[in-house]
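Some notes on the structure that comes next.
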Amino acid sequence: MSLKVLKIGTSLLKGNERTSTAEVIGTFSQCISEGIDKGDRFVLVTSGAVGLGCQCIGIKKPPVDVVSLQAVAAIGQGQLMALYDQSMRKFHRRVAQVLLTRSDFGSRSRYNNASNTLKKLLDWGVLPVVNENDALSPEELRYGDNDTLSALVASALEADQLILLTDIDHLYSSDPRMDKEAKPIRDIHNAKELNSLISISGAGQGGMWGTGGMSTKLDAARIATTSGIEVHLADGRDPKTLKDLLNGCRGGTVFHANPKPIGNRKSWLAHALRPVGAIQLDQGACNALNHRGASLLLVGVKKVVGQFEANEPVKILTPEGEELARGLSSFSSQGLKTALESITSSGASPIVIHRDVLVLTKGQFS
Ligand code: GLU
């Protein structure tokens, strides 16, 4: 029995001249329901609220101003749930709406709270249908794409697999719209291969890469694979794709899971939190963190960057300014500056970031 997080993008749900959104949802629901019958468990992360909202009020393109966009999403989200509810009922399955915002993952207790609700729904055999809370998320706190959200949900639940269904068959070595030589990539084996793709993905926004663009797919893959979750990117335009995937076939591109996952807490620290400041270290402290899994002590701090409160997430930087780690500082930025001014060479140095709330992220966010 495996737990799969399935993300379905807007480009698939909008349907086409021959197939309506309701029919598309009907086909996916049938596959999911067959998967549940076989013993797998699913969390569905679905887009489509904005698209359906636009359809409902008869506008062709999503509005550009944020308030109208949020209002359109509020209309469409109800429609979206109604469609999933109707089609899953045909297979005697219930659905539950779970709308998340970035701030729901911002504190450990809210993160656990969201995970526990999702787990309870799964225990009850109900299909959680997750979307970003588009109607309410403030602009600066929006994920904006469900790729990242789906990877965070998969990590929070320690899922076995994340399936990203989109309107392209593979990732390519470059943007196939621009480059005839672009080659499909079937396997991404490790973080090094993934990072090299992330560095060329800037050109791949929108269009053929799906709503969130290639870069958000790669970000999602980075989050999930470091948490030990295998990611399949597959072309959801063909109804057979999901059926095959759920019968054990592979997606067009498979991102292989890191065999040494960082664990749920470290995944939360590394991926769900947004650092609000930074602490730069001397070389000795970098070595202690990097090679000995040590806590960060005051004596190793060289510089404090930005403003933060105690227990807020910060980046930890090398003397060259590169990101080495992330963690929760037990000092505020002001408290840390004051402590640095009065540092003495005698006695034990206070802990600035305990190793339990510190995660190495070197090379992950370059
Ligand atoms: N949450 C948005 C919606 O439901 C879509 C985000 C995305 O396309 O990934 O319309």
Side-chain angles (χ1 to χ4, degrees), residues 5-33 42-91 93-102 104 121 126-139 141-150 153 163-168 206-213 216-217 220 235-239 241-242:
V5 173
L6 170 64
K7 186 256 167 177
I8 304 180
T10 306
S11 53
L12 298 175
L13 291 173
K14 69 179 173 4
N16 53 41
E17 310 77 49
R18 280 164 286 123
T19 320
S20 67
T21 301
E23 285 166 321
V24 175
I25 287 180
T27 308
F28 287 134
S29 298
Q30 183 173 1
C31 289
I32 294 170
S33 160
F42 292 86
V43 173
L44 178 63
V45 178
T46 181
S47 308
V50 171
L52 278 169
C54 289
Q55 272 180 29
C56 268
I57 56 169
I59 51 174
K60 293 225 153 42
K61 274 204 235 145
V64 279
D65 75 289
V66 176
V67 178
S68 307
L69 193 67
Q70 294 191 309
V72 158
I75 299 169
Q77 182 60 34
Q79 302 293 317
L80 188 64
M81 283 311 298
L83 290 175
Y84 279 111
D85 186 46
Q86 282 156 18
S87 51
M88 288 302 288
R89 268 175 199 259
K90 288 188 189 144
F91 307 102
R93 299 274 168 204
R94 305 306 297 237
V95 297
Q97 169 178 270
V98 179
L99 297 178
L100 295 169
T101 61
R102 193 182 273 274
D104 292 318
L121 290 166
V126 173
L127 175 69
V129 179
V130 178
N131 196 359
E132 182 160 16
N133 194 349
D134 294 316
L136 296 183
S137 304
E139 181 62 4
L141 286 181
R142 293 190 75 217
Y143 291 113
D145 70 89
N146 279 349
D147 296 322
T148 312
L149 182 64
S150 64
V153 167
I163 299 173
L164 300 174
L165 280 189
T166 183
D167 58 356
I168 192 162
M208 286 188 74
W209 298 105
T211 324
T216 58
K217 308 268 177 305
D235 188 347
R237 289 171 300 181
D238 178 355
T241 304
L242 183 57

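We count residues from 1, following the sequence as given. In this text the structure is predicted, and so the values were computed from the model without any measurement.
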Could I get the full list of side chain to side chain contact (heavy atoms under 4.5 Å, CB included) partners for Gln70, not counting sequence neighbours? Val66

With side chains defined as the heavy atoms from C-beta onward, is the minimum distance between Cys54 and Pro63 less than 4.5 Å? yes

Closest heavy-atom pair and its distance - Thr27, Pro239: CG2-CB, 3.6 Å

Those residues that, when tested against Thr21, pass side-chain hydrogen bond (donor to acceptor under 3.5 Å, both in side chains) (two or more places apart): none

Salt bridge (charged side-chain N to carboxylate O under 4.0 Å, His left out) pairs, two or more places apart, involving residues 62-89: Asp85-Arg89

Is it true that Gln55 and Gln79 share a donor-acceptor pair across their side chains at a distance under 3.5 Å? no

Sequence neighbours excluded, the answer for salt bridge (Lys or Arg N to Asp or Glu O under 4.0 Å) partners of Arg93 is Asp37

Taking only residues two or more places apart in sequence or in another chain, which ones pass side chain to side chain contact (heavy atoms under 4.5 Å, CB included) with Ile75? Cys56, Ile57

Would you say that Thr166 contacts Asp147 through its side chain, given a criterion of any heavy-atom pair below 4.5 Å between the two side chains? no

So how far is it from Gln97 CD to Leu80 CG, rounded to the nearest 0.5 Å? 8.5 Å

Among residues at least two apart in sequence or on other chains, which ones pass side-chain hydrogen bond (donor to acceptor under 3.5 Å, both in side chains) with Glu23? Ser20

Can you list the residues that meet the side chain to side chain contact (heavy atoms under 4.5 Å, CB included) rule with Val129, with sequence neighbours excluded? Leu44, Thr46, Met81, Tyr84, Val95, Leu127

Contact check, side chains of Val98 and Leu121, non-hydrogen atoms, under 4.5 Å: yes

Under the side-chain hydrogen bond (donor to acceptor under 3.5 Å, both in side chains) test, residues paired with Asp134 that sit two or more places apart: Arg142

Looking at side-chain heavy atoms only, is the closest gap between Phe28 and Leu12 below 4.5 Å? yes

Contact between Thr10 and Val50 at the side-chain level, heavy atoms closer than 4.5 Å - yes or no? no

Salt bridge (charged side-chain N to carboxylate O under 4.0 Å, His left out) pairs, two or more places apart, involving residues 50-64: none

Quick one: closest heavy-atom pair of Cys31 and Leu242, and the distance? CB-CD2, 3.7 Å

Which heavy-atom pair separates Pro128 from Phe42 by the least distance, and what is that distance? CD-O, 3.3 Å

Nearest-0.5 Å distance, CG of residue Leu100 to CG of residue Asn131: 9.0 Å

Minimum heavy-atom separation for Ser29 to Ser87, with atom names? OG-OG, 2.9 Å

Tell me every residue that passes side chain to side chain contact (heavy atoms under 4.5 Å, CB included) with Asn133, counting only those two or more places apart in sequence or in another chain. Leu99, Thr101, Ala135, Leu136, Ser137

Arg94: salt bridge (Lys or Arg N to Asp or Glu O under 4.0 Å) partners, not counting sequence neighbours: none

If only atom types and distance count, is the side chain of Asn146 paired as donor or acceptor with the main-chain N or O of Leu149 below 3.5 Å? no

side-chain hydrogen bond (donor to acceptor under 3.5 Å, both in side chains) partners for Glu132, two or more places apart: none

Hey, does Leu83 have a side-chain heavy atom less than 4.5 Å from the side chain of Leu52? yes

Measuring only between side-chain heavy atoms, which start at C-beta, is Ser11 closer than 4.5 Å to Arg237? no

Decide yes or no on side-chain contact (heavy atoms from CB on, under 4.5 Å) for Val24 and Asn16, but give the supporting numbers first. CA-CA 10 Å; Val24 175; Asn16 53 41; over 6 Å; no

Measuring from Asp167:CG to Asp235:CG, what's the distance to the nearest 0.5 Å? 7.0 Å

With a 4.5 Å cut-off on side-chain heavy atoms, are Pro62 and Val72 touching? no

